[in-house]
Amino acid sequence: MTNPSDSHHYPEVSSRADFPGLESKILTRWEENQTFNKSIEQRVDEPDGERFVFNDGPPFANGLPHYGHLLTGYVKDVVPRYQTMRGKRVERNFGWDCHGLPAEMQTEKELGVSGRKAIVDFGIGNFNNACRESVLRYTGEWETYVNRMARWVDFENDYKTMNLDYMESVIWAFKQLWDKGLLYEAHRVMPYSWGAETPLSNFEIRLDDATRPRQDPALTVRFALDPVASDPGPLSIAAWTTTPWTLPSNLALAVGPEITYVVVKIEGGDLVVVAEAALENYERELSVGDEPPEVVATMTGADLAGRTYQPIFDYFAGRKNSFVIIGADFVETGDGTGVVHMAPGFGEDDQRVCEAAGIELVVPVDETGRFTEDVVDFAGQNVFDANPEVIKFLKARGNVVLRHETYDHNYPHCWRTDTPIIYRAVNSWYVRVTDLTDRLLEVNNEINWIPDHIQQGQFGRWLEGARDWSISRNRFWGAPLPVWRSDNPDFPRTDVYGSIDEIEADFGVRPTDLHRPYIDDLVRPNPDDPSGQSMMRRVPEVLDCWFESGSMPFAQHHYPFENVNEFEQHNPADFIVEYIAQTRGWFYTMHVLGVALFDKPAFANVICHGVLLDAEGRKLSKKLRNYPDPLEVFETVGSDAMRWYLISSPILRGLDTRIEADDSGIREVVRLVLNPIWNTYSFFTLYANADGYKASFNTSSTNTLDRYVLAKTSELVHNATAALDAYDLATACASVQSYLDALTNWYVRRSRERFWNTSGEPLDTDALDTLYTVLTTVARVIAPLLPFVAEEIWSGLHADEVEASNGGASVHLQDWPALDELPVDTDLVVAMDRLREVASAALSLREERNLRVRLPLASVTIAGVGSSIIEPLSDILADEVNVKQVLFSDDAEAFGAFRLKPNGRVLGPKLGKDVQTVIKAAKQGDWEMADDGTVSVAGHTLAEGDFELALDPKEGVAAAGLRGNDAIVVLDTETTESLEAEGFARDLVRLVQQARKEADLDVTDRISLSLGLEPEAKAVVAPHTDWIASQVLATAIEIVDPNEKSATDVDGRSVSIELAKRSN
RNA sequence: GGGCCUGUAGCUCAGUCGGUUAGAGCGCACCCCUGAUAAGGGUGAGGUCGCAAGUUCGAUUCUUGCCAGGCCCA
């Protein structure tokens, strides 16, 4: 910003803005003046003030921010800025998600230490220290990005999930759930990552592209049934599996009780049982020669249930209740044989069904995904590596494998290690989400979701089907499960701790770090063991990091150990925003904990935005480089343009949005939004400074255009307020954009001359004050949407104030414009908008007839209904379309023909079916108007209100219809010598202005002018000489013969110009 | 297989509580204006509103089915 001089009250504003440059200057000024801090502190806190609670979702900081973070970040800034201006106190603390698999995996890679054993050898303490450093590695870069994008957030008072206070709140939550009976421990089949050596929650395996295609072997194997009397011979039953490695753990087979099964005689005479529905699929294996399969017996699944068979591996032979056929409802015949092989240690259905049948499960696979010693033939092999070995082994047995094929399917992978997951029975702690389902759904109804269909759709459905949430991880870097247990089952005891005080009370030490391994060192004798031998030891697991981020609403405040009122009075938070996939991530975990702990929603309003894609609809990826580099965009185009680009897109309605690979879309924002605003500002300062005028906030102008633009601005304030109150950022942007058209393209353009300080005329302070008033209001409206540009403009308009405060004054410290600040004038707005349509029509007539606008015409005539409202605005129209007179005619039929437009909405209920006849007749012109104003058509009489009359221009007249056809615009295309002369004079003025520009003169410079004209032209120009002189600020004008060398052609005449700047 | 969302101009998207002539921006063509000027503006071409049936006097809009794409869940 250039400092205003004595006579200049505003900075000199270049018509071409350097947005990146001004953005960095403003950042410095905000920094120096602590503007963000002031914007919070100046708003009164409770009890008198109002609070708006924004909760910031914590990112992992072990990578750089990407576009998704930028988008979310902008939204996270727009809403709090708006609410701040509405008078609320909006504190914004950044948060960091520090724990969990991402951190551990990164550290494993960095240290070259992989796997549980290696980490234990390396030392859990050492490992966790490395994690602690690693997770904060990129916080500096994050801060840079966040600052650069004008996202105001407090980094100093940030929360970190690894802080002692935060973790204490987390274990408090755990204890609360425990006390409420919402936690339990179970040995259950879960998605398991052998890469990370830990179970995963059912939503982790659905993260992003964790599920993707994979090819696996599929094996159909035969199990020999123990014979019964009714058998036609020795039977075997065929089962199909895509996990051959689970066959050694097979303990049962499942059939569908309702399904029909057949016994087929195959090559060599063996009898095989499959579902009848599988015959076609297995035709080749079940046929003898070219004959179709020979069915020798038929039975139902119910008949088969209860029969026993011989295990194909003998590792677990003889186990109680095992190797039996069980009837189960989930069995289908789509894939496979209609017989399902059951390994209860490695399948969720398998476990459920077998447990019901009294079969105890076996899990001969260790934490790293390798077979244990139980499976002697494959011990030590990874299960996926063992697949081909198992197949080879079984094939060698001759009559076991019925078919071996490959199978392409979508298979879940570990989101961190990228290894294919397996299902495996493990010990884990669960939150009893299924007990809460009803309350989760009820409380969900209190949340305002944007877009709203998420509430009952994606989120509501997810809640309905939610399963118990596994919250323990067999890892190292995380909040510990605060559970201590007796190491002697003879003296069972479990203690759960919910605070550091409680721990200290029992262990006599006050922990200063709740992380492993320190927390594991806390051991004490089991009070229930009279012998004093057994000890209480902590269970080894740590908590799921989603449990920790879900605890953020209270844990960031160290609730309930501190800030009890602070949290309780502001739960739920007013606003959160993240991308839509968080319906099963952060949104979900916060909701579960909010309901479980407080029986309340965790947030009142939530925006779920969509995903950014490239122009081809692919995900943005570093490899493809299919997006513009954000830092480069900041430097070349600016952050405000990117902010607008993102927040005005359909992505905020939950849809995916495509972004160009270059920055063209963002540059377009500059052209369509930033430049118009900037040009208006630059225009204002140019003339206010030229006149040394200091404008003031003033809405009292009686000038029509002033009143129009004030009313339009009032409309903008209303629209933007409504949109932002509804968290509809895209609509807020749209309302600004359509307003800009009226401001720049109509008000400024039509008012330009009023800003020129023509000598002898008094300065039009109404115009300057009005434009100032409008601009200072617009600056406040766009403050959340374009914080830099708004700041620059507002600060320029209030340069004195900013200077007096040493740069401290800021648009972001202002109040949002009140709804009654500016006059509302609907009638005027309607009339003016109508007038603009008339002007368009008139200009199109000019173009059609090749009549340039500089050439004045005698008149324009408006004929038809509804034109009277623009009569008071005639001068503006005359000016815009350059005519001497605006005429209004009642005799519409002189220029056009009426067409009957029956009003279907009114007539429909009255006439029913006949409406269509009436409409048809009206279209054909088959109607008559009576003297009393009624219309008869197709045997019906239409009264006033039943119809409208449209006016179509007559052939051969220079006339154009308006939208809606209720009036026509007629242009008098007749030219006269005098009009031509005036047009020529205007052409000359234009030529001189161009020359002034080329001579690099200031708009206020006076000149002496020499016009070289031919004799005929001299005569034409003579009456307009004074006017020309005044238009081009010539204090002396002489008419001479043309200088042939420099002459140009103007309207068929040869003209030359010489001008010189006058010193005064 | 179920649920939700989307389908409107060459592209990106608004809109229509049902009314008979559906809008914007970009792109394209032509033109104008310029004391906001390496800007600005106007005009125009371009649409069977995914397809079909139903409800209705009337459907792009409501209902149902189908098709295509996306997301979520099995």
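Proteins come first, then strands; the chains are lettered A, B, ... in the order of their sequence lines, and each starts at number 1.
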Pairwise C1' distance, B:A45 and B:G1 [rounded to whole Å]: 47 Å
P gap between B:C49 and B:U21, integer Å: 13 Å
Watson-Crick/G-U partner (both atom distances under 3.5 Å) of B:G25: B:C11
Which nucleotide in B:A39, B:G70, B:A14 has an atom nearest any side-chain atom of A:N679: B:A39
Who pairs with B:C30 - Watson-Crick or G-U, where each distance is under 3.5 Å: B:G42
Short side-chain N/O contact to B:G35 OP1/OP2 from A:R990, under 4.0 Å: yes
Sugar-phosphate only, base, or nothing, as touched by A:S682 at under 4.0 Å among non-hydrogen atoms: nothing
Closest to the A:P650 side chain, choosing from B:C13, B:C4, B:G70: B:C13
Length of the CG-C1' vector between A:L613 and B:G69, whole Å: 12 Å
Contact check, side chains of A:L797 and A:F684, non-hydrogen atoms, under 4.5 Å: yes
Pair assignment for B:U20, Watson-Crick or G-U wobble, requiring both distances under 3.5 Å: none
Between B:C62 and B:G46 - P atom distance, rounded Å: 28 Å
C1' spacing across the pair B:A74 / B:G23, given as an integer number of angstrom: 42 Å
Mutual orientation of the aromatic rings belonging to A:W449 and A:F459 [parallel < 30°, tilted 30-60°, perpendicular > 60°]: tilted
Side chain of A:R671 (C-beta onward), nearest among B:G27, B:A14, B:C73: B:G27
Side chain proximity check, A:V969 to A:V860, heavy atoms < 4.5 angstrom: yes
N/O donor-acceptor pair, side chain A:Q916 with base B:C57, under 3.5 angstrom: yes
Test item: side-chain donor near acceptor, A:N445 and A:Q456, under 3.5 Å: yes
Selected nucleotide, minimal atom distance to A:V853 side chain, candidates B:G35, B:C32, B:C26: B:C32
Side-chain N,O (A:R584) to OP1/OP2 (B:C73) below 4.0 Å: yes
A:R461 vs B:G3: side-chain N/O to OP1/OP2 distance below 4.0 Å: no
Opposite nucleotide pairing with B:C4, Watson-Crick or G-U, both atom distances under 3.5 Å: B:G70
Side-chain donor-acceptor contact under 3.5 Å, A:R1062 with A:T1035: yes
Separation between the C1' atoms of B:G65 and B:U55, rounded to whole Å: 15 Å
A:R854, nearest nucleotide to its side chain (from B:C33, B:A36, B:G42): B:C33
Sugar-phosphate only, base, or nothing, as touched by A:F755 at under 4.0 Å among non-hydrogen atoms: nothing
Distance, rounded to the nearest Å, where A:Y645 contributes OH and B:C13 contributes C1': 12 Å
Identified pairing partner of B:C51, criterion: Watson-Crick or G-U wobble below 3.5 Å: B:G65
Nearest-nucleotide pick for A:R899, side chain only, options being B:U21, B:G42, B:C5: B:U21
Sugar-phosphate only, base, or nothing, as touched by A:Q456 at under 4.0 Å among non-hydrogen atoms: nothing
Sugar-phosphate, base or nothing in reach of A:V1032, heavy atoms under 4.0 Å: nothing
Toward the 5' end of RNA chain B, by each residue's nearest nucleotide, A:G904 or A:I454: A:I454
Phosphate OP1/OP2 of B:C57 contacted by A:T917 side-chain N/O (<4.0 Å): no
Flag for A:H940-A:D914: side-chain donor and acceptor within less than 3.5 Å: yes
B:G42 OP1/OP2 closer than 4.0 Å to side-chain N/O of A:N745: yes
Touch class at under 4.0 angstrom, heavy-atom based, for A:L655 against every strand present: sugar-phosphate
Sugar-phosphate only, base, or nothing, as touched by A:R653 at under 4.0 Å among non-hydrogen atoms: sugar-phosphate
B:C51 and B:C26, which share atom name P, separated by this distance in whole Å: 28 Å
Options B:C57, B:G25, B:A38, nucleotide nearest the side-chain atoms of A:L672: B:G25
Touch class at under 4.0 angstrom, heavy-atom based, for A:R905 against every strand present: base
Interatomic distance where CD belongs to A:E837 and P belongs to B:G42 [whole Å]: 13 Å
For B:G58, the Watson-Crick or wobble partner whose two distances fall under 3.5 Å: none
CD/A:E464: more than 12 non-hydrogen atoms of other groups inside 6.0 Å: yes
Pair A:N745, A:D741: side-chain N/O donor-acceptor within cut-off below 3.5 Å: yes
Closest listed nucleotide, where the reference is the side chain of A:R752 and the choices are B:C73, B:G25, B:G35: B:G35
Rounded C1' spacing from B:U48 to B:G40 in Å: 38 Å
B:C28 to B:C73 separation - C1' atoms, rounded to the nearest Å: 45 Å
Value in whole Å for how far the C1' atom of B:C4 lies from NE2 of A:H453: 7 Å
